Student: 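Structure in structure tokens, see below.
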Amino acid sequence: MHVLVLGAGVIGVTCAWFLRSAGHQVTVVERQSGAARETSFANGGQISVSHAEPWANPAAPAKVLRWLGQEDAPLLFRPRLSAEQWSWGIAFLRECLPARTAANTRALVALALHSRSVLKQLRAEIGLKYEHVERGILHFYTDPADLEVARKSAALMRTLGCERYSISTPEALALEPALASWGDRIVGADYCAEDESGDAHQYTLQLAEHCSRRGVQFLFDTVVRRVLIEDGRCRGVEAVPGDPSELPSAVLRADAVIACLGVQSRRLLAPLGIRLHITPAKGYSATFDVVDAGRAPTVSLTDDEHKIVFSRFGGRLRVAGTVEIGGDGLELNAARCDALTRRAQQLFPGSCDFAQPRYWAGLRPLTPSNVPYVGASRVKALYLNTGHGTLGWTMAAGNGQLIADLVSGRPTAVALPAVVA
Ligand SMILES: Cc1cc2nc3c(=O)[nH]c(=O)nc-3n(C[C@H](O)[C@H](O)[C@H](O)COP(=O)(O)OP(=O)(O)OC[C@H]3O[C@@H](n4cnc5c(N)ncnc54)[C@H](O)[C@@H]3O)c2cc1C
């Protein structure tokens, strides 16, 4: 089969790899001049099964209301006069019902667990070399009430097969001594040794090279304008090189098409009557050069109080987090950028060159349930692998393999989520 993969982010490239490995002829179509230039460029780096719980949970609506209008809030909802935004918001509220949260948690953990093991296998099999650390994820708390909630979450995670354990502050400091200067404020932590962290951008570039060597064709600087449907079946796409303004488009024919377009998936598929509930959830990261390795963390960390994560990529430290819903601009908000640097400096004084931060903002393709669209769409031969929100890096390997199995008519290792449009 000839398969077109739309989008060369971490999701599209990984999917292309597994489709090629399954014996298909694969072409990847990407509007940027290289892979991983949009949301997969500078994320938090965590392969985080242990925190795969959805944001939509019974406690979320009160938190979102409390943070309204607070510029540096961890989750900021900017209400706009947009039918799309409001319908997404209503769907989010529905997913906050306890039964929905429980079902979504089960689906997310199953996908994430599978994906983490597929990633480990893939790395070993082809010798992928990107900055990564296999020392788990340590989540630390400064508020006893939040720690109590976390203990229950950890217990739930264990029943779902994820080995996340509550640990004491001394145990946390023994795992990550760089936290010592903040030790007297930390009330406890939880830890998942099997989780890991790594540079998703480097991984995607490396895997794209492996794909090319195995015969995957990449059409960069090529914008997909339209998905072609003939006789009720997807037959390919109309695409145009470079600036899509006035140039005539070319038809790229294929036996199957996989949409991996991140936040753009909704817009491209809407004319087909496929209504994806995906909203851009903007997040920020700051990357610093490490100047004193002993003072910078190596275990990937989640700072619960500030809802930010830390991942070490060799000589760099990445800090990432915050969520802004309401708009798709990529401009950098100074208050949010400063908050990342301030916190990194506070926790790890002297570890990095904090005077030279490299700030970045990206748009997470977020569904109300956090569960991605992975599977067949209702248009024959058109598949979805999109809407991974906060967990795209975590789920890329597993979901790529699941789609390749589905397209190839093989049974999938994990049940696909029941959210296919
Ligand atoms: C601050 C931040 C921190 C994060 N931290 C983590 C983390 O620690 N762990 C984790 O698992 N996830 C994390 N994420 C989420 C993760 O980065 C995303 O889920 C993931 O990158 C999404 O990948 P994608 O391939 O779907 O989207 P993208 O990387 O955006 O790829 C989509 C591609 O489609 C292309 N495209 C779009 N429209 C067209 C078109 N019409 N024609 C051709 N090409 C097109 C785009 O150019 C783009 O390259 C974080 C995200 C952010 C913003």
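Read the numbers this way: they start at 1 and go in the same order the structure lists the ligands and their atoms. Everything numeric here is computed off the predicted structure, so don't read it as measured data.
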Student: Are any of the N or O atoms of Gly321 closer than 3.5 Å to those of ligand 1?
Tutor: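 Checking ligand 1 against Gly321, no N or O pair falls under 3.5 Å apart.
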
Student: Please determine if Gln264 has a nitrogen or oxygen closer than 3.5 Å to a nitrogen or oxygen of ligand 1.
Tutor: no

Student: For residues His139 and His51, establish whether the separation of their ring centroids is below 6.0 Å.
Tutor: yes

Student: Is a donor from one side chain sitting under 3.5 angstrom from an acceptor on the other, for Asp221 and Gln32?
Tutor: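 There is no such pair (donor and acceptor under 3.5 Å, judged by atom type) between the side chains of Asp221 and Gln32.
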
Student: Could an N or O of ligand 1 be found under 3.5 Å from any N or O of Thr390, whether backbone or side chain?
Tutor: yes

Student: List the residues meeting ring pair (Phe, Tyr, Trp, His ring centres under 6.0 Å) with Tyr203, not counting sequence neighbours, and say none if there are none.
Tutor: Tyr130, Trp393

Student: Does at least one non-hydrogen atom of Thr386 fall below 4.0 angstrom from an atom of ligand 1?
Tutor: no

Student: Is it the case that the side chain of Thr222 and the backbone of Phe220 share a donor-acceptor pair, with hydrogens and angles ignored and the cut-off at 3.5 Å?
Tutor: yes

Student: So is Thr222 touching ligand 1 or not, going by heavy atoms under 4.0 Å?
Tutor: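 Flag set, Thr222 near ligand 1.
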
Student: Using a strict cut-off of 4.0 Å, indicate which atoms of ligand 1 neighbour a heavy atom of Gly262.
Tutor: 26 (O), 27 (O), 32 (C)

Student: Who pairs with Arg213 by salt bridge (Lys or Arg N to Asp or Glu O under 4.0 Å), at least two apart in sequence or on another chain?
Tutor: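 Arg213 satisfies salt bridge (Lys or Arg N to Asp or Glu O under 4.0 Å) with Glu209 only.
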
Student: Would you mind running through ligand 1 and noting each atom that sits below 4.0 Å from a heavy atom of Gln46?
Tutor: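 This gives 7 (C), 8 (O), 9 (N), 10 (C), 11 (O) as the contact atoms.
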
Student: Please check whether Arg37 reaches ligand 1 - meaning an N/O of the residue sits under 3.5 Å from an N/O of the ligand, judged on distance alone.
Tutor: no

Student: Consider every N or O of Val224 and every N or O of ligand 1, then say whether any pair is closer than 3.5 Å.
Tutor: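 So ligand 1 has an N or O lying under 3.5 Å from an N or O of Val224.
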
Student: Short list, please: which atoms of ligand 1 are under 4.0 Å from a heavy atom of Gly283?
Tutor: 1 (C)

Student: Could you tell me, atom by atom, which parts of ligand 1 come under 4.0 Å of a heavy atom of Cys260?
Tutor: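 Ligand 1 atoms under the 4.0 Å threshold to Cys260: 32 (C), 34 (O).
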
Student: Please report the closest heavy-atom contact between Cys192 and Arg164, naming both atoms and the distance.
Tutor: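 Taking Cys192 first and Arg164 second, the nearest heavy atoms are CB-CA, 4.3 Å.
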
Student: Within a distance under 4.0 Å of any heavy atom of Gly45, pick out the atoms of ligand 1 and give their elements.
Tutor: 7 (C), 8 (O)

Student: Of all the atoms in ligand 1, which lie at a distance below 4.0 Å from a heavy atom belonging to Tyr284?
Tutor: 1 (C)

Student: Between Gly34, Ala361, Ser265, Gly389, flag the one that comes closest to atom 18 (C) of ligand 1 by a heavy atom.
Tutor: Gly389

Student: Assess whether a salt bridge exists between Glu38 and Arg31, defined as any Lys/Arg side-chain N lying under 4.0 Å from an Asp/Glu carboxylate O.
Tutor: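 Salt bridge between Glu38 and Arg31, a charged N being under 4.0 Å from a carboxylate O: yes.
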
Student: Give yes if a backbone or side-chain nitrogen or oxygen of Gly44 is under 3.5 Å from a nitrogen or oxygen of ligand 1, and no if not.
Tutor: yes

Student: What do you reckon, does Trp360 have a nitrogen or oxygen under 3.5 Å from a nitrogen or oxygen of ligand 1?
Tutor: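 No - when backbone and side-chain N and O of Trp360 are compared with those of ligand 1, no distance drops under 3.5 Å.
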
